[in-house]
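A note on names: the letters A, B, ... follow the listed sequences, proteins ahead of strands, and every chain is numbered from 1.
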Amino acid sequence: MIKQAEKEYSPERLEKKVQDFWKLSRAYEKTRDLREKGKKYYFVDGPPYTTGSIHMGTAYNKILKDVIVRYRRMQGLNVRDQPGFDMHGLPIEVNVEKKLSIVNKKQIEDLVGVESFVNSCRDFSLDLQGQMTDQFRSLGVWLDWDNPYRTIDNRYIESVWWTLQKAHEKKILDRYTSVLSWCPRCETAIADVEIRYTDFEDYSILVKFLLKGRSGESLLVWASMPWTLPANMAVAVNPEYEYAKVEMTIEDRKEILWLRRDKVDDVTSLVAIQDFQIMEIVKGSDMVGWEYFHPLASRVPYQNELSGEWIHKVLSSELVEDENTGVVHLAPGHSREGYEIGEAHGIPLFCPVDEGGYFTDEAGQYAGKHVRESNSIVVEDLRRERWLFHEGRITRKIGHCWRCDSPVIHRASQQWFLKVSDIKERMLDEIEDVKWIPEWAGTQKQKERVEKATDWCISRQRYWGTPLPIWICECGETTIIGSIKGLSKGKNYNKDMDLHRPWIDSVTFECKECGKEMRRTSDVLDVGFDSGVSMWAQLGYPAVKKQFNNWWPCRWITESQEQTDGWFYSLLFAGIIGFGEIPYKSVLMHGWVFDSEGQPLSKSMGDVSYPFDVIGEYGVDSLRFCMLKSKPPWDDLKFDPEAVKEANQTLDILWNVHRFGTLYMSMDRFNPNDWSLAGMSGNFSPEDNWLLSKVENLKGEVENDLEEYNIHTACNAIEEFILNDLSRWYVKLIRNRSWPEGDNNKKFAAYKALHEALLAVTRLLAPITPHISESMYQSLDADLLSVHMSDWPVTDEALIDKKLEERMTVVRGIVELVSKARQKIGLKLRWPVKNIVIKSNDDETAKSLENLKDILMEQTNSKEVDILWPGEEWDGMVLNVRPKVEAIGRVYKQWWSKIATMLESRPVEEVRKAIGEGEYKIGIEGQIVRIEPDMVEFMERLPEHVISIGFDKGDMYIDMEMTPELRAEGFAREIVRRVQQMRKEIDLDVEDFIRTQVKVRVELTKVLEEYDDYISGETRSRSFEFVPEELTEEYIVEWNVEGEAIGLAITPLYMKETLDAFIKIPGIDEKESMALFDSGYASMLSLQQASLSELMEVEGIDELDARKIRRYFDQPEELRAEEKALCPVCEAQVEMGASECSRCGVSLLPEMKKCPNCEAEIPLDSEECENCGSVLIEEEVEEISEEVKEIMEIPGLGLETARMLHELGYDIDALANTSEEELVKIEGITVPLARRISVYFEEWVEELVCPLCNAPASADAAQCTQCGTIFVSEEEVETMEEEPVPEAAEVPEVIDVPSFDEDTAVAMSLEKSHIYLVKEERQQRAMDMFTATMREGRPGLCVTRTFPDKFRESYNLGDTTVLWLSNIGKEDSIRPKDLEKLSLSLEKFVTETGGVVLLDGLEYLVTNNNFIIVLRLLQALRDVVAMNKSTMIVNVNPATLDTNQLNLLEREVDSVVDTLS
RNA sequence: GGGCCCAUAGCUUAGCAUGGUUGGAGCGCCCGGCUGAUAACCGGGAGGUCGAGAGUUCAAAUCUCUUUGGGCCCA
């Protein structure tokens, strides 16, 4: 059964509903299981770091994965989709440190203890994992969230260990001393990826290094970071540069300095130099070997103890750059370049700095000082010793620890490395075996990364990480443990022990070599390596082999471009170690997401941009569609919330088409499964075949795109189809066919085609926008539980008709041209044109037009379309005769002008015929005048009313002559359109019927009468009449159409509900129902009471029908009830009383709980166990407030939910007034629960309800808790009538003003801070009061449902502001339902001006809302009016309200003016 | 400093692999229309030295080189 889609596309509601549906029906699990037998497809999720909240980039990443995973599943593949989380490492540690207020490692060990610290880290990371999982789920991402792999699990760690053991076996694992980036705060080596470069002001000093054996000459050495000078071991010059010996005079002293020749000017300008002179020039290479005195040697004794070939000497290095003096200080212990140069020259590594960044004893006088504070000390020392030539500052990028933001230093330390040199070639080869998308991601980027790779330092001196499985003996023996089994052989091993520090540190082994105790190296592993093993770690390899054999290797991964250096690389590296091969077959490298300003989204913790604010507004699907369609995945994406809005609009349109389709399909009870495409083919119109052809094309196109990961073009193709083909063309073409009265065969053909197209779109969109697709799929009555279980749609070539598509394109082009022409001359589409003639230049175009002529006529609204084939000419051209004046003049002299005039007035054809035969004779003043052929010429021209338009394939003539018949038809259409507008304004159901009256000029009535069938059919009018005098139907509007005054009046019949009920009687369909209704049976009750003979008297009901009706009512009521109910989760029809839904498997039984006493299953809401009789509500009972108890009265609502609702501010009354949709929005309220609640109230309300405001009331209440109405029993009514108003004190004075002319108006000026209620049929009295008050000079404001201009004119209001109560969304109009806007507008006026307000048409507000709400509005306004010394006049037609309501109204006002009494 | 990617209307972008009518869209702006999908929808208009410069070619948004700006990565 096709289900009517909701009227509006509300993403928030829809997505929640769909996600609930997925959850309750276990749609994800079932989809996965469905493909269990399919070909295996191993996808691996690159584990995001657990930062706790996701940003746009993370969202984009997961969305891409979700698209491909869903797509592959639809292709039938059995996809492994375990998500992962990267949960070790410094970021977590740093955050835990912050939480515990710890500042360094010492405090972790001494204050907190490693055990407690690591436990905190685990808890913290698990918490973050949970948060992120929720966020990913809310994006609609279907991965196996219940079973993620985590880098912190023992099994995972074991796989890492195995890999490291492999590395050891392959001699890739090594330990040596190296200079690395080091964070002195975190006291660990850090990787380059953990460093963030930011501007930093640093020293830039020039220091004199006195040369040995060159009297008085010094090298002028440049250094930043003065603290590195104590560890200076040599200086470097560039061998290619020229260096100058410069003699400078400074403060009357002479200095002889060596520096780069080109820099002499720069340097001499730095200090106050009196004079300088270049003495000598040498090449850098000539300086090599020169020896100098270390300027701090006296403070750093170690400098004097050194010996070696290159100590304190000049070296040559190409690395010396064209900056500063060209003489660079080298401290191999403090810089990577220095280390490399030093190593090449055999210079010992001197690094007198400890892990915390403090100088060691080796640093002599500087020992104990932090390097950062030493900068100024060193500079001062140099200055004192006169070695400082210049002290400056430069701003440059300095590395900062990404996690804690401390400046990074370089420091020599012993670390564990994975050596890259031996496997580099293998890695490069393996890159070739992978399909990279885009190709350059592999062949360019990844290759470059590997080519430049250096050894990988994998050790970290921290706590929260995979412990390195390396045990070392003091004798030097080293062993690598590769499994838990291996570990279990150690001392202090416990089964099931956590493999993290500190527990692992207590496990020791006996050294095989010397028998001593081997202890684990205290380091942990670089987190970058953790995720590198995810491809086999998530399969439990090597501990479990089966999974591995099933799935290996990974078919596809996708991550952002930065993973070239990260995960892509670590996977490759680890893969080569573990298996000698790259572990993935194809890679989609995706781009970055930037914010709308183009700034990259920050990666660090706590500084993220949420995608969820956009989602709240436009929904997840819009976000997904927007991201996926705007760029190829490998490009960077600039995220713009506006673009999400646009995507939302497309989905909105799709929804509208869907809504359109399902609305009519369900109305007509169209069952798509009753019709096959082939079976329907005879009924298809050309546009149906066209649509089907388009759909098949689209399928192929989208598949091709997705195969190439051109997700953006796939999205664009779908979007184009939805907007252009489906919405803007197809729906337009089938509109007429889909009307309720339409021919069923033709109509159903359109439904079938549309259904087919919509179903295809839901499938094509399923991977991209999973929610809306699901929702559409559900209402399209498709066979599977979920759209995501369906197979990927395959193109049916047989349905493709390229020729038809081309022809349709031609026709569309023509229709558009005609529309343009109409627009140009201002002829609306509603007004038909007489004729369109299209002359085409080629056969194909003519054929196209001939073929699709019906479409052409309908869409251009033309009465006739003529197609001319190539060579044919249009005969509609008007021939003109043009007298040749000179020729006539030559013969007939002064008569020429008369002759010419006569010629022009004769029928052209007659003239031409005669001329063709030789001559044409006319009589002038009794003489025959002969017109010779040379005296005239004939010319063709367009007749009047005809315009001609050229197009690329021919010419077109449009005859726009407006004949009386066409004019009448135009008016008929105008009337139809106006009535439709009015139907809409009174919110009438599409299917419902009305009575219609039309009042027009008599002349027009005559021509229009011909169209009464048309008009009443189109407007679903059960009666239709032209009235000469007054319009009497309920809703009356005066229109001005093309200068004609047209009065329209309609009365809604509200038949739909009744007809729907009648139709449920077996054998009774719409026709019979209508007949019954028309003869006065307006409800099931009245029908039930009718006798057989009475029924038979009804016109259109035969005996058989009557008997069917009687039989229906004569059976017991239970049997009459519908046999089917709807599943609350998937809305499938289920048998009454079924225990679970056969479609989605959800339990339909009331929620059960276990009796704590006997463990029997009892309904969730029962207070007493049916089995053992124990009372279940214990001490808590006292604590439950009355309000909560009331809520718990609702069956199925447990204590917890009731409490939750109560805390949210709901009491029983509020719940009764909360719609099901709103209920679902409350967190914790599921769809079925919401349904249960609203069903409860529906039943409840029928029993006890305030007659006035419909609020629920208890049986014994004396007064309504909501509106205060006093309930009276029948006996009391009589007394009531004598004393109609309960509280006399509040009764306003009733002013008796029988007549009200201008004089009295002035005399009776209205009081300030006063509200007047005027009881009258029209607004006359109220208006008089209002205008009189305005004449006193007070500003006025009117609220009315009359059209403002008309209203102003009627009452001579000038430019007084008139707010129009109307559903037409104009600027100064207020929708009658939008009381908030109304109240705001009035408040604004009153507070700003204190003027007088007329509220006309209170009853209109009441019909559009309900009485009590309007009453509340009035109460609120009363206070505002009082406070601002304003005045308000409210008029109401008492006939529209009942006595009680009137009483209540009168109580709210200060005075009542009753014109009727 | 090196590698790679990106640049088209005010904004977001298609087209570029394979050069060829007048460079397409959407949003926004202005003007109009439609109306039983309707707080939707449709049409028209204005708005582009296709980042800049050079080259190849009969012909360049498209191919080549140089250059500028932005991004990612590596030093």
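- The residues A/Arg973 and A/Glu1018 are annotated as not salt-bridged, no charged nitrogen and carboxylate oxygen being separated by less than 4.0 angstrom.
- Regarding A/Met589, its CE atom lies at a distance of 17 Å from the P atom of B/rG71, rounded to whole Å.
- Across all strands shown, B/rC27 pairs with B/rG10; the Watson-Crick or G-U wobble distances both stay below 3.5 Å.
- Contact annotation for A/Thr713: no contact, since no heavy-atom pair falls under 4.0 Å across all strands.
- To the nearest angstrom, C1' of B/rA40 lies 8 Å from CD1 of A/Ile653.
- Residue whose closest nucleotide on RNA chain B sits further toward the 5' end, between A/Arg336 and A/Ser1021: A/Ser1021.
- Per the geometry, CD belonging to A/Glu451 stands 12 Å off C1' belonging to B/rC74, to the nearest Å.
- Using a 4.0 Å cut-off between a side-chain N of Lys or Arg and a carboxylate O of Asp or Glu, A/Lys629 and A/Glu719 qualify as a salt bridge.
- Across the C1' atoms, B/rG28 and B/rA75 are found 45 Å apart, a figure rounded to whole Å.
- Rounded to whole Å, the distance from NZ on A/Lys445 to P on B/rA75 is 13 Å.
- Taking the side chain of A/Asp635 as heavy atoms from C-beta on, and the options B/rC6, B/rC72, B/rC74, the nearest nucleotide is B/rC6.
- Contact of A/Ser727 with B/rA37 (side chain to base): a donor-acceptor pair of N or O atoms is detected under 3.5 Å.
- Regarding A/Gln446, its CD atom lies at a distance of 13 Å from the P atom of B/rC73, rounded to whole Å.
- You'll find a donor-acceptor pair under 3.5 Å spanning the side chain of A/Arg735 and the base of B/rA37, going by distance alone.
- Of all heavy-atom pairs spanning A/Leu754 and A/Gly661, the tightest one is CD2-CA, 3.7 Å.
- Across all strands shown, B/rG1 forms a Watson-Crick or G-U wobble pair with B/rC74, both key distances being under 3.5 Å.
- As rounded to whole Å, 18 Å separates atom P of B/rG24 from atom CG of A/Asn716.
- The gap from the P atom of B/rA61 to that of B/rA9 amounts to 15 Å, rounded to the nearest Å.
- Comparing atom distances between the A/Gln561 side chain and each of B/rC74, B/rA40, B/rG71 picks out B/rG71 as nearest.
- For A/Lys631, taking side-chain heavy atoms from C-beta onward, the closest of the listed nucleotides B/rU38, B/rU13, B/rC27 is B/rU13.
- Nearest nucleotide to the A/Trp592 side chain, out of B/rA40, B/rC73, B/rC4: B/rC73.
- Taking the O4'-C1'-N9-C4 or O4'-C1'-N1-C2 dihedral as appropriate, B/rA17 has a value within 90° of 0 and is therefore syn.
- The two residues A/Ile855 and A/Val811 come nearest to each other via the heavy atoms CG2-CG1, 4.2 Å.
- Of the candidates A/Tyr664, A/Phe670, A/Phe660, A/Tyr751 forms a ring pair (Phe, Tyr, Trp, His ring centres under 6.0 Å) with just one, namely A/Phe670.
- Rounded to a whole angstrom, the distance from the P atom of B/rC29 to that of B/rG24 is 23 Å.
- When the C1' atom is used for both B/rC41 and B/rC34, the distance is 8 Å, rounded to whole Å.
- Of the N and O atoms on the side chains of A/Gln4 and A/Thr662, not one donor lies less than 3.5 Å from an acceptor on the other residue.
- Computed from coordinates, the A/Glu708 CD to B/rA17 P distance equals 17 Å when rounded to whole Å.
- B/rC31 and B/rG69 are spaced 42 Å apart, taking the P atom of each and rounding to whole Å.
- Comparing B/rU38, B/rC27, B/rG3 against the side chain of A/Glu448 picks out B/rG3 as the nearest.
- Comparing B/rA25 with B/rA40, their P atoms sit 23 Å apart, to the nearest whole Å.
- Closest to the side chain of A/Val657, out of B/rC27, B/rA37, B/rC74, is B/rA37.
- Between B/rG43 and B/rG51, the distance separating the two C1' atoms is 34 Å to the nearest Å.
- With the nearest nucleotide of RNA chain B identified for both A/Asp636 and A/Glu974, A/Glu974 has the one nearer the 5' end.
- One interatomic measurement links the two molecules: CZ of A/Phe721 to C1' of B/rG26, which rounds to 19 Å at whole-angstrom precision.
- If you check the side chains of A/Gln561 and A/Asp636, you find a donor sitting under 3.5 Å from an acceptor.
- Rounded to whole Å, the C1' atom of B/rU68 lies 7 Å from the corresponding atom of B/rA52.
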